[in-house]
Amino acid sequence: MAKTTSSFAVLLLLSLLTPSTAEIKSLTINSDTRPMILFEKFGFTHKGHVSIAVSSVSVAVLTSASQPESSRLGFFLLNEETLVQVLMEIQQNPSFCVLDSHYIFRLFTFRDLSPPPSASVNRSYPVTNPNEYSLFFANCAPETSVSMVVRTEVFNLDSDGSRDYLSAGQTTLPSIFFLFSLAYMGFFAAWVYLCYANKRSFHRIHLLMAVLLVTKALNLICAAEDKHYIKVTGLPHGWDVLFYIFQFIRVILLFTVIVLIGTGWSFLKPFLQDREKKVLMIVIPLQVLANLASVVIGETGPFIKDWVTWNQVFLLVDIICCCAIIFPIVWSIRSLRETSKTDGKASRNLAKLTLFRQFYIVVIGYLYFTRIVVFALRTIAAYKYQWVSNAAEEIASLAFYIIMFYMFRPVEKNEYFVLDEEEEEAAEIALRDEEFEL
């Protein structure tokens with residue numbers, strides 16, 4: 001029973017960390033021996049409903065034990081307020097079955113199944129107590145495996161009686177994503193105008209930055225359409241595929257642009273050194289793996305056995321990539337620092353060093369906010385305000401894009417690559433005094 005307790009504790013943790021999901025899902029469970037399976041997490045209003053259709057159910061006994069009692073297997077809802085109480089019940093009595101707890105909202109057990117060979121049940125339940133609930137399947141029969149096909153529909157009813165398949169804290173996401181997509185479209189138009197007005201200072205990196213803006217806008221449009229169709233119909237209607245495609249391109253472009261700007265490519269030099277090429281050769285394949293993990297996490301849900309593993313893969317790869325893109329910026333700062341001692345162009349070198357240091361701080365701040373602060377907001381925010389973490393992430397991303405594009409915009413006398421001979425003596429003093437330590 002120690003395994004049961006530890007498994008339930010892991011699932012409790014996952015139910016806390018897993019963002020609320022929705023839409024109509026059809027899942028197939030094959031010979032699963034887990035004592036607990038987490039299917040969904042959803043924020044209900046006072047007009048919430050959950051519908052579950054289970055079919056092709058079979059329970060196999062793995063040992064010579066007798067056939068398990070059908071009431072020991074079933075589905076239930078559990079909210080976060082009662083998570084600790086249920087865990088304490090199991091810890092106090094390892095043989096305790098969670099289906100007997102008074103703290104859960106039991107839906108049905110396998111005793112309610114129709115007779116074989118169909119072995120199915122299809123039921124709908126109102127949820128009138130507003131809260132965020134996790135939908136679990138419990139198997140309190142040791143040494144048994146379960147196979148079944150499960151179809152879930154979790155939704156809230158609007159005032160006009162229409163169904164809203166998005167969680168209570170995510171129902172505004174389509175509008176939020178659409179507004180930010182408009183902001184990036186306007187940003188792209190301004191960037192094109194700026195590049196056209198300063199053709200003499202235009203570099204290849206500026207074209208790549210423009211492509212990044214378009215990809216980001218398309219990614220947000222697809223995200224808005226994906227959430228809209230899920231909200232209305234419960235199904236993404238193919239918009240999830242487009243969303244993942246543009247997300248894949250956007251993330252790779254973002255990391256590539258940061259690395260190329262950090263190396264000074266097309267501004268200071270038309271080529272990349274071997275170590276800088278190696279950074280790109282590491283970051284891009286890792287981002288492919290990270291996006292694959294993101295698709296698995298987003299499209300399957302916590303019910304699959306390897307869901308935790310994919311989350312760990314995504315987290316590890318993301319940390320490695322975030323660390324890797326910092327190195328080219330540090331290398332450029334050190335290289336400029338060494339060059340400033342010999343080339344006699346103190347004013348230009350001071351401007352470049354200052355700009356690179358500012359860029360380093362901006363990148364670190366962006367990565368910290370989107371990886372740490374946003375995660376904290378997503379974890380601690382009430383279920384009704386889950387949209388806040390998404391809005392905060394998009395605001396931080398837009399601010400980062402604006403700052404980065406402003407710092408390296410194509411204008412004459414850009415301190416990134418134009419020599420300014422004024423105040424040369426003051427710059428030399430500043431370089432001697434300022435070590436630009438990171």
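Excluded from the calculations below are hydrogen atoms, water molecules and symmetry mates; all remaining heavy atoms, backbone and side chain alike, are included. Keep in mind it's a predicted model, so treat the numbers as computed, not measured. Throughout, residue positions are numbered sequentially from 1 according to the sequence presented.
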Has [X] got a side-chain atom pairing as donor or acceptor with [Y]'s backbone, closer than 3.5 angstrom?
X	Y	answer
S167	G43	yes
T172	G169	no
S114	S120	yes
N156	T45	yes
T263	L260	yes
N219	F243	yes
T171	A168	no
N93	I90	no
S162	D158	no
Y383	N131	yes

Look up atom [atom1] in [X] and atom [atom2] in [Y], then write down how far apart they are to the nearest 0.5 Å.
X	Y	atom1	atom2	result
I325	I258	CD1	CD1	4.0 Å
C222	I245	SG	CD1	8.5 Å
L235	Y229	CG	OH	12.0 Å
H206	L194	NE2	CG	8.0 Å
L73	C140	CG	SG	7.5 Å

Residue of the set F188, F400, F187 for which ring pair (Phe, Tyr, Trp, His ring centres under 6.0 Å) holds with F405:
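For F405, the ring pair (Phe, Tyr, Trp, His ring centres under 6.0 Å) check succeeds only for F187.
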Salt-bridge contact [X]-[Y] (side-chain N to carboxylate O under 4.0 Å):
X	Y	value
D100	R72	yes
E80	K41	yes
K216	E394	yes
R151	E153	yes
E132	K384	no

H237 NE2: over 12 foreign heavy atoms closer than 6.0 Å
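Yes, enclosed.
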Does W387, at its CH2 atom, have more than 12 non-hydrogen atoms belonging to other residues, nucleotides or ligands within less than 6.0 Å?
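Result for CH2/W387: open.
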Where is the tightest heavy-atom contact between [X] and [Y], given as atom of each residue plus distance?
X	Y	answer
V121	D112	CG2-O, 4.0 Å
V374	S389	CG1-O, 3.8 Å
F177	N390	CZ-ND2, 4.1 Å
R250	L212	O-CD1, 3.7 Å
F76	A138	CE2-CB, 3.7 Å
S101	V86	OG-CG2, 3.9 Å

Are F42 and F44 near enough that their ring centres are under 6.0 Å apart?
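Aromatic pair counts; centres sit under 6.0 Å.
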Set of side-chain contact (heavy atoms from CB on, under 4.5 Å) partners for P285, sequence neighbours left out
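Expected list: none.
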Given side-chain contact (heavy atoms from CB on, under 4.5 Å), test L78 with F136 step by step and report yes or no.
CA-CA 8 Å; L78 182 65; F136 284 99; 4.2 Å; yes
Lys/Arg cation over aromatic Y406: R409, 6.0 Å, 45° cone
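Satisfied, under 6.0 Å and within 45°.
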Between the side chains of S31 and S145, does any donor sit under 3.5 Å from an acceptor?
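S31 vs S145: no donor-acceptor pair found between side chains.
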Under 3.5 Å, is there a donor on one side chain and an acceptor on the other for N139 and T144?
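Their side chains do contain a donor-acceptor pair, which is all the 3.5 Å distance test asks for.
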Qualifying ring pair (Phe, Tyr, Trp, His ring centres under 6.0 Å) pairs, either residue in residues 99-118, two or more places apart
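Applying ring pair (Phe, Tyr, Trp, His ring centres under 6.0 Å) to every pair that reaches into residues 99-118, excluding sequence neighbours, yields F75-F108, F110-F137.
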Go through the steps to decide whether W239 and H228 satisfy the test ring pair (Phe, Tyr, Trp, His ring centres under 6.0 Å), and finish with yes or no.
CA-CA 10 Å; W239 285 101; H228 169 73; 9.7 Å; no
Using the ring pair (Phe, Tyr, Trp, His ring centres under 6.0 Å) rule, take Y401 and Y184 through it: C-alpha gap first, then chi angles, then the decisive distance, then the call.
CA-CA 9 Å; Y401 278 62; Y184 279 98; 5.5 Å; yes
